[in-house]
Amino acid sequence: MEDPSARAIALVDFHLGFAFRRQATFVDAKSLPGYVQGISFEQDGVKQLRMIVDGDVATGSYVLNSDSQLARLLTSLDPGQSEELGMVTYKLLERLPPYVACLRMAGNLRHVQNDGSDIFAMFTLPEDPAQIGPFLQQKFGPDQTQERLIPVADMPLYLQGHALDRNDPIKAALHAWSDSTITKRWLVNEGMEQPAEIVLDAYSIAYLALTNVVEPLLAAGITFVLPEETKEMVRRWVENVTHRDFLSMGFGKTVS
């Protein structure tokens, strides 16, 4: 809070970096020493976001002293309530934990201070849940990844998958196999006619999962070999998709 404008980028990068990698658990404490709470309110219809602080912990245009008339008024209101102070009408929108308020301020500042060199941007979701899908489809496009890919008939599937997602081979394999617009070459038809073992990788695992031919192969006496590296890859993928923070959204030609 000493210099929000100068520290906005650093705070947003810090939070998003740890949050996306799930390297830390953020605990939204209701208050911190000297920092009472964040407060979102309207001042004659103009939205404001401030941090209520004790004493001289921090000063500036982003804080309210807890002893001030305005801070006392806002803390006495319930969300949605309005009251006049002097000739101004104040309406309380919401109370925020200090860290959440700081992060929201940082995001707003980074957005408005962007000189064009920062790829960061913010947008506001529609209040109507039914409009969220179409809104996100408009923002992200029906399939931006496919727009970047030029179908190449002779390109191995794993290279097309790598172009889709180089950091998640299982996700890339599932996408590549299930997407009808991605060209698939014929499976290799050479080697032993009746092999006793199949060594699994991301693409063979995805293929077996999507075609549901595991049971017939097991019944035929085929043994599946799962290399340690592939096992670790699958473990990370399962851990990711079963995590409580996991979200996934895809769009076809229509949104329902």
Side-chain angles (χ1 to χ4, degrees), residues 1-68 70-81 90-129 131-133 135-136 138-140 167 239-249:
M1 295 306 299
E2 295 176 5
D3 194 350
S5 295
R7 297 176 179 176
I9 292 178
L11 178 57
V12 172
D13 284 347
F14 167 81
H15 178 83
L16 295 181
F18 279 96
F20 286 152
R21 294 179 178 85
R22 299 183 183 134
Q23 294 173 328
T25 300
F26 296 95
V27 179
D28 298 335
K30 298 301 181 183
S31 64
L32 296 171
Y35 296 87
V36 181
Q37 64 179 313
I39 202 98
S40 176
F41 62 96
E42 287 183 357
Q43 179 178 324
D44 276 343
V46 179
K47 194 171 182 178
Q48 305 276 347
L49 178 61
R50 302 287 184 89
M51 179 76 75
I52 298 178
V53 300
D54 288 331
D56 57 355
V57 169
T59 59
S61 58
Y62 299 98
V63 301
L64 290 175
N65 191 290
S66 59
D67 293 328
S68 67
L70 179 54
R72 290 198 297 267
L73 170 66
L74 292 170
T75 54
S76 70
L77 298 176
D78 292 326
Q81 276 191 316
Y90 293 93
K91 178 181 179 180
L92 178 64
L93 300 177
E94 60 179 326
R95 308 181 192 279
L96 301 167
Y99 179 78
V100 175
C102 285
L103 183 61
R104 190 176 293 185
M105 288 180 192
N108 290 333
L109 286 168
R110 183 170 180 177
H111 180 75
V112 301
Q113 293 175 170
N114 190 353
D115 61 1
S117 61
D118 189 356
I119 62 171
F120 178 85
M122 293 181 64
F123 56 80
T124 302
L125 290 175
E127 293 185 3
D128 181 0
Q131 296 303 315
I132 293 177
F135 176 82
L136 293 177
Q138 180 186 15
K139 288 293 183 182
F140 297 114
N167 298 314
E239 183 180 77
N240 178 50
V241 299
T242 57
H243 194 278
R244 64 179 184 179
D245 294 335
F246 177 78
L247 293 172
S248 180
M249 179 177 288

Is any NZ, NE, NH1 or NH2 atom of the basic residue among R110 and D13 found under 4.0 Å from an Asp or Glu carboxylate oxygen of the other?
-> yes

So, Q48 versus S40: side-chain donor-acceptor pair below 3.5 Å or not?
-> no

When rounded to the nearest 0.5 angstrom, what is the spacing between CZ in F135 and CG in L125?
-> 6.0 Å

Side chain proximity check, L64 to V53, heavy atoms < 4.5 angstrom | no

Do the side chain of Q81 and the main chain of D78 share a donor and acceptor less than 3.5 angstrom apart?
-> yes

Could you check if a side-chain atom of V46 sits within less than 4.5 angstrom of a side-chain atom of D44, using non-hydrogen atoms only?
-> no

Is there a side-chain contact between P97 and Q37, using heavy atoms and a 4.5 Å cut-off?
-> no

Which atom names give the shortest non-hydrogen contact between L92 and L77, and what distance separates them?
-> CD2-O, 3.1 Å

Can you measure from NE2 (H111) to CZ (F123) and round to the nearest 0.5 angstrom?
-> 11.0 Å

How about R50 and F41: do any of their side-chain heavy atoms sit closer than 4.5 Å?
-> yes

In Å and rounded to the nearest 0.5 Å, what is the CD1 to CG distance from I119 to N114?
-> 10.0 Å

Roughly how far, to the nearest 0.5 Å, is the CD1 atom of I39 from the CD1 atom of I52?
-> 4.5 Å

Can you check side-chain contact (heavy atoms from CB on, under 4.5 Å) on L16 and V12, steps first, answer last?
-> CA-CA 6 Å; L16 295 181; V12 172; 3.7 Å; yes

Closest heavy-atom pair and its distance - S66, G55 | OG-N, 4.5 Å

What about the rings of Y35 and Y99, do their centers lie closer together than 6.0 Å?
-> no

Distance in Å, K91 NZ paired with L74 CG, rounded so as to fall on 0.5 Å steps = 13.0 Å

Smallest heavy-atom separation, A106 atom then L11 atom, equals CB-CD2, 3.8 Å

Kindly indicate, with the supporting measurements, whether the criterion side-chain contact (heavy atoms from CB on, under 4.5 Å) is fulfilled by S5 and Y62.
-> CA-CA 10 Å; S5 295; Y62 299 98; 4.1 Å; yes

Closest contact, heavy atoms only, L109 versus A8 = CB-CB, 3.9 Å

Are there more than 12 heavy atoms of other residues, nucleotides or ligands under 6.0 Å from atom CG of D56?
-> no

Kindly compute the distance separating CG (L96) from CZ (R104), expressed to the nearest 0.5 Å.
-> 4.5 Å

Min side-chain heavy-atom separation M105-M51 under 4.5 Å = yes

